[in-house]
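What follows is one structure encoded as C-alpha cells, with my remarks underneath.
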Amino acid sequence: MKHIRNFCIIAHIDHGKSTLADRLLDSTGSVTDREKQEQLLDSMDLERERGITIKSHAIQMDYTYKGEQYVLNLIDTPGHVDFSYEVSRSIAACEGALLVVDAAQSIQAQTISNLYLALENDLEIIPVLNKVDLPSANPEEVTDDIVDLLGCDPSEVIPASAKTGLGIDEILSAIIERIPPPSGKVDAPLRALIFDSVYNPFRGVETYFRVINGTIKKGQQIKFVATGKNYNADEVGTLKLKQLPRNEIKTGDVGYLITGIKEAKEVKVGDTITDAKNPTTEAVPGFEDVKPMVFAGIYPVDTEDYEDLRASMEKLQLNDASLVFTPESSAALGFGFRCGFLGMLHLEIIQERLEREFDMTVITTVPNVSYHAYTHKHPDEVILVNNPSDLPEPSSLDRVEEPYIKATIITKADFVGPVMSLCIEKRGQITNQTYLTPERVELSFDMPLAEIVFDFYDRLKTVSRGYASFDYSPIGMRPSKLVKVDVLLNGNTVDALSALLHVDNAYDIGKKMCEKLKELIPRQQFDIPIQAAIGAKIIARETVKALRKDVTAKCYGGDISRKRKLLEKQKKGKKRMRQVGNVEIPQEAFMAVLKLN
Ligand code: GDP
Ligand code: MG
C-alpha cells in the first residue's frame, strides 16, 4: 500500500485534463508508440468530437521514483454538471487530486464545485497551472487566484504545459511526495467502492472499483450491497491500457471486475462490493440511485419503427444505466417512450447515439423537469408530473412544486449586470455575490431547474461574451405556478407540442412558439392556423398561409430525370416530417420551444 497513489484530475472543460493525462501516461512509459492516439482516455467517438469526457475511466501507471517502484492509479472524471454524481464517486476513490487551471482562463465554476467535493473527501490538492506556454497566459495573476482559493503557498503551484511537457516531472514527484498512500485494513472483510462501470457487448459489464479494505480474488463469491445480489468474480484485474487479469486486487488498489452481468443497471456507481460469506457491516457512504432530472418523449419518425426503437432503447440502456424510459403514447405521434435524463447534455447524447449507433430517426418532444402536483381531494398525496398530460385538471389542483437548484456563476466584473438580469428573468433569486479578485465575481442564485433547461447556457454565453462559467446542484422542491400550454394546429390540439410552463412565462413563450412554428411548418394547400392555449383560452395565434405548390409543374416538358430527381428530393425532405391530422410537422418543430430566441 505504501507504494500506491490514487488520484484524479479536476479541471474545467478545455483546461487540459486529457492532454495532461496523456502526458503522464507517456512519461511513465505506460503507452507504446503504436498505442499512442490522441487523447487516450476519451474513448467514445462522441466524447472526442465534443472534447469532453462523458464517462469516467481509470488507468494504472508504473513509475520509478528515487529507486522505488510506485503504482499510480489515475481515475478520470466526467467534465459536465450532468454527471456530477459520478464525479463525486471518482473523487471518493482517491487520496489526491491535480487541480488543473488554464493559465489564460483562470478558475471556473465547475472547477470550484469539484474542488469542494475533493476537499470534503479530504483529498490532497496539487494545483497545476497549465498552458503557461500560451502567449495569452497570465501566470502571476492566475497563481494568485489559485493561492486565494486554496490558501496554499505560491510555491506549491506547479507551472506546466501539457503541450510542451514542461512541469510533468514535477507533477509526478508531487503525486508521490504530497499525496498520501491509501490507508485501509488488509485483514478486514472486503469493502470496495464502485466508481464506474463500462458496458462491453462481449464480456458483459465491467465494474471499476477501488478496494478500501480486504482483498478481492478471482473466483470469489461477492455481493453488491445496494442491490443485494451475489456474483462470482469471474475475472479481476488491473486497468492498464489493456486490461491485465490478476489473481487478486489488494487493499488500496484500483481494478476491474467481470461477473457476467449483462445489464448496466445491475451495477450501480457508488455501491459497495463485499464478500458474500463474510460481508462488511458498513457500506461505503454516499451511495445514491440515479435520479433523472429532465424528461422528454422520444418517438420514431416513422410509426412503423416503434419496435426497432424499443429494441434500440433497450440496448442503449444496457450500457447507460442512467437512461430510464417507459412506453407512452401520443395522439399526434403514436407510440413512443417517455425518457428520463440526467440533464440536457445527456438527452442530446442519447438522441445522437440513437441516430448514429442504431440508425434511428427520432422525434424528441419538449423536455420538462419533474413536478410534484397535489389535488384538493388528496392534498397529501404527491402526483409525479413527468409529462404535460400528467398534470391534473387546473380546477382540481391544490398546489404544484418544482425542483430548485443553487446556481453558481463565475464571471468578469464587467458582466455582473447582464448576468444578474438574465438570472432574474429566469426567476432566480440572488443569494450571494463575492469578488474572488477585483476582476472576477462569483454569483449564487436559487433558481428553478426548469429555467436551465430552456436556453439558459446559450443566453449566459451571449450576455457574458463567453466569460462565464456555470454550475448547479439541486436544493429541493419549492411552490410553483404551473400551467399547461397546448398548441392547436388547424384547430386540433397536438399533444406532443404541449409544454409545462410557469404562468409568468406562459404568454410570452406561447406567442413565441406560435411564431416559431409558423417559420418551421411548410406552407400547404390550405391556411393553417396555429394557436397556443391554456385550457380553453387562446393566448396567441399565427397563420401559415396557403400555397399551391407543384414542384414538377415548372419542369413540364423538361427531361424526365430532372423531374424524378426533384420528386426524390421532395420525398427526402418528407422523411423528417410527421403528418398530424392533415398538417405536416417537421421534426425540429417539436423542439422549437427550446430555440425561441
Ligand atoms: P480537457 O477538456 O480538460 O480534457 O482539455 P484537453 O486536454 O482536451 O485540451 C483542450 C485544448 O487545449 C486542446 O486543444 C489541447 O491541445 C490544448 N492544450 C492542453 N494543454 C495545453 C497546454 O499546456 N498548452 C497549450 N498551448 N495548449 C494546451
Ligand atoms: Mg478531455
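Fair warning: this is a prediction, and the values are worked out from it, not measured in the lab. These numbers come from the heavy atoms of this one structure, side chains and all, not from hydrogens, waters or symmetry mates. Counting convention: from 1, in listed order, for ligands and their atoms alike. In this chain, residues are counted from 1 in sequence order.
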For [Y], is there any backbone N or O sitting under 3.5 Å from a side-chain donor or acceptor partner on [X]?
| X | Y | result |
| --- | --- | --- |
| Asn368 | Asn386 | yes |
| Thr272 | Val284 | yes |
| Asn6 | Gly252 | yes |

For ligand 1, which atoms, with element, lie under 4.0 Å from some heavy atom of [X]?
| X | result |
| --- | --- |
| Ser161 | 22 (C), 23 (O), 24 (N) |
| Asn130 | 20 (N), 21 (C), 23 (O) |
| Ser18 | 1 (P), 4 (O), 7 (O) |
| Ile13 | 2 (O) |
| His12 | 3 (O) |

- Closest heavy-atom pair and its distance - Ile258, Arg203: CD1-NH2, 3.0 Å

- Note on the structure: Note: heavy atom closest to atom 3 (O) of ligand 1, options Lys131, Arg23, Lys17, belongs to Lys17

- Query: Angle class for the Phe415/Tyr467 ring planes (parallel below 30°, perpendicular above 60°, tilted otherwise)?
  - Reply: parallel

- Query: Where does the angle between the aromatic ring planes of Phe470 and Tyr472 fall among parallel (under 30°), tilted (30 to 60°) and perpendicular (over 60°)?
  - Reply: tilted

- Test Leu129 against every option in Asn138, Asp102, Thr143 by the side chain to side chain contact (heavy atoms under 4.5 Å, CB included) rule and name the one that passes. Thr143

- Message: Would Ala162 count as being in polar contact with ligand 1, using the rule that some N or O on each side must be under 3.5 angstrom apart?
- Response: yes

- Contact (N/O only, under 3.5 Å) between Gly16 and ligand 1: yes

- Within the 4.0 Å heavy-atom cut-off, what Leu134 brings close to ligand 1 is side chain

- Note on the structure: Note: Asp14, heavy atoms under 4.0 Å from ligand 1, region reported as both

